[in-house]
Amino acid sequence: MSLLRRSFQLRSTSPLLNVAGASRAYASKRGRPYGGGKASTDPIDAWMNEEGWENDMHNTAHIQLEQHRLTREYYRKSAYELPMLSQLSKPFRPPTEKQPLRFRYTSYLGEQHPAESKVVLEVRVKDLNLTDVQAHKFKLLAGVRYDPATDVMKTSCESFSHRAQNKKFLSDQLDRLIVEAKDEKETFADIPLDTRHVKTKTKLQFPKEWLKPKSEGAVEVQA
């Protein structure tokens, strides 16, 4: 092991890295038998179970060795396991008329983030099969969450720690809005829809009078 020890000592160029106890934690993890009670047949595991092995290399070298083994593990997964995922692929099917709800989630690729549990619900009012009176009341109840430019009611929830809870809360709130919109005791037909919260952006058109006229006899060059 002298050559291996010497190579890792040369690669250990991070004196500021605090790795106290990392080698012992790794030894305790690697020294345990695998599932089923069978001992590991890896020669590196057998070498690590020997007494005094932690004095053979520097702690930083053991961390680099662990990173190397982890990288090779992911290489093996990408070579042998990722191609098998194609068997689970399904063709994309657009939502039908019976599926008007659209839920949007935010993922941070495995990292924990406070906004990871947030769920956004979007639905078109015309897809809810409401009458004109019921749709008008639904828009009034939705308030600023309704966008008259796109006819979409958008709402979100991040009050709970799990996505399923936030999704269930939004679904229940939408059911309550639909029930209230279909209640004919008070239709609010005499109340106009307030759209002051919608800020539309005006697209400016370039005046045709400002266009430079083509000079007579000019030759157009095609790229």
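For the single chain, residues carry numbers from 1 onward in sequence order.
- Between Leu130 and Lys182, some side-chain heavy-atom pair lies under the 4.5 Å cut-off.
- The distance from atom CD of Gln205 to atom NZ of Lys203, rounded to the nearest 0.5 Å, is 8.5 Å.
- Residues Glu116 and Tyr105 are not in side-chain contact: their nearest non-hydrogen atoms beyond the backbone lie 4.5 Å or more apart.
- A 4.5 Å side-chain heavy-atom check between Leu101 and Leu121 finds at least one atom pair inside the cut-off.
- Looking at Asp151, its side chain never comes within 3.5 Å of a backbone N or O of Asp147 through a donor-acceptor pair.
- In the hydrophobic clustering of ILVMFWY residues, with side-chain heavy atoms under 4.5 Å counting as a link, Val179 and Leu177 come out apart.
- Taking NZ from Lys167 and CZ from Phe160, the interatomic distance works out to 15.0 Å, rounded to the nearest 0.5 Å.
- Within the 4.5 Å cutoff, no side-chain heavy atoms of Met153 are placed close to those of Glu122.
- When hydrophobic clusters are built by joining Ile, Leu, Val, Met, Phe, Trp and Tyr residues whose side-chain heavy atoms come closer than 4.5 Å, directly or via intermediates, Leu141 is grouped together with Leu170.
- Clustering ILVMFWY residues whenever any of their side-chain heavy atoms sit less than 4.5 angstrom apart, transitively, puts Val123 in the very cluster that holds Leu193.
- Neither Phe169 nor Val120 shares a network with the other; the hydrophobic side chains, linked directly or stepwise wherever heavy atoms of I, L, V, M, F, W or Y lie under 4.5 Å apart, form separate groups for each.
- A salt bridge links Asp172 with Lys168: at least one charged nitrogen is closer than 4.0 Å to a carboxylate oxygen.
- Atom CD of residue Gln173 and atom CZ of residue Arg145 lie 8.5 Å apart, to the nearest 0.5 angstrom.
- Rounded to the nearest 0.5 Å, atoms CD (Glu66) and CD (Glu73) are 9.0 Å apart.
- The shortest distance between side-chain heavy atoms of Asp175 and Ser171 falls below 4.5 Å.
- Judged by distance alone, the side chain of His197 and the main-chain N or O of Tyr146 form a donor-acceptor pair under 3.5 Å.
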Inset, instruction - Decide side-chain contact (heavy atoms from CB on, under 4.5 Å) for Leu65 and Arg69; before the verdict, give the C-alpha distance in whole Å, the side-chain angles of both, and the deciding distance to 0.1 Å. - result: CA-CA 6 Å; Leu65 179 61; Arg69 292 169 64 87; 4.3 Å; yes
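- With respect to the salt-bridge test (charged N to carboxylate O, under 4.0 angstrom), the residues Arg196 and Asp194 qualify.
- If you take CG on Asn129 and CD on Glu97, they are separated by 8.0 Å, rounding to the nearest 0.5 Å.
- Put simply, OG on Ser156 and NZ on Lys118 are 4.5 Å apart, with the number rounded to the nearest 0.5 Å.
- Closest approach of Pro192 and Leu140 over heavy atoms only: O-CD2, 3.7 Å.
- Using a 4.5 Å heavy-atom cutoff, the side chains of Lys137 and Asp183 are in contact.
- Residues Lys139 and Val125 meet the side-chain proximity criterion, which asks for heavy atoms closer than 4.5 Å.
- Remark: Arg176 CZ is loosely packed, at most 12 non-hydrogen atoms of other residues, nucleotides or ligands lying under 6.0 Å away.
- The backbone N or O of Ala115 lies less than 3.5 Å from a partner atom in the side chain of His113, making a donor-acceptor pair.
- A donor-acceptor contact shorter than 3.5 Å is absent between the side chain of Thr195 and the backbone of Val198.
- Using a 4.5 Å heavy-atom cutoff, the side chains of Asn166 and Ser117 are in contact.
- By the 6.0 Å contact criterion, OH on Tyr108 is enclosed, its count of non-hydrogen atoms from other residues, nucleotides or ligands being greater than 12.
- Put simply, Leu128 and Phe103 are part of the same group of oily side chains (I, L, V, M, F, W, Y) that touch within less than 4.5 Å, one to the next.
- Of all the heavy atoms in Ser86 and Pro83, the pair that sits closest is OG-O, 2.8 Å.
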Inset, instruction - Please lay out, stage by stage, how Leu174 and Phe138 fare under the test side-chain contact (heavy atoms from CB on, under 4.5 Å). - result: CA-CA 10 Å; Leu174 180 61; Phe138 181 88; 3.9 Å; yes
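- Looking only at distances, a side-chain donor or acceptor of Arg163 sits under 3.5 Å from a matching main-chain atom of Thr106.
- Ring geometry for Trp210 versus Phe206: interplanar angle over 60°, hence perpendicular rather than tilted (30 to 60°).
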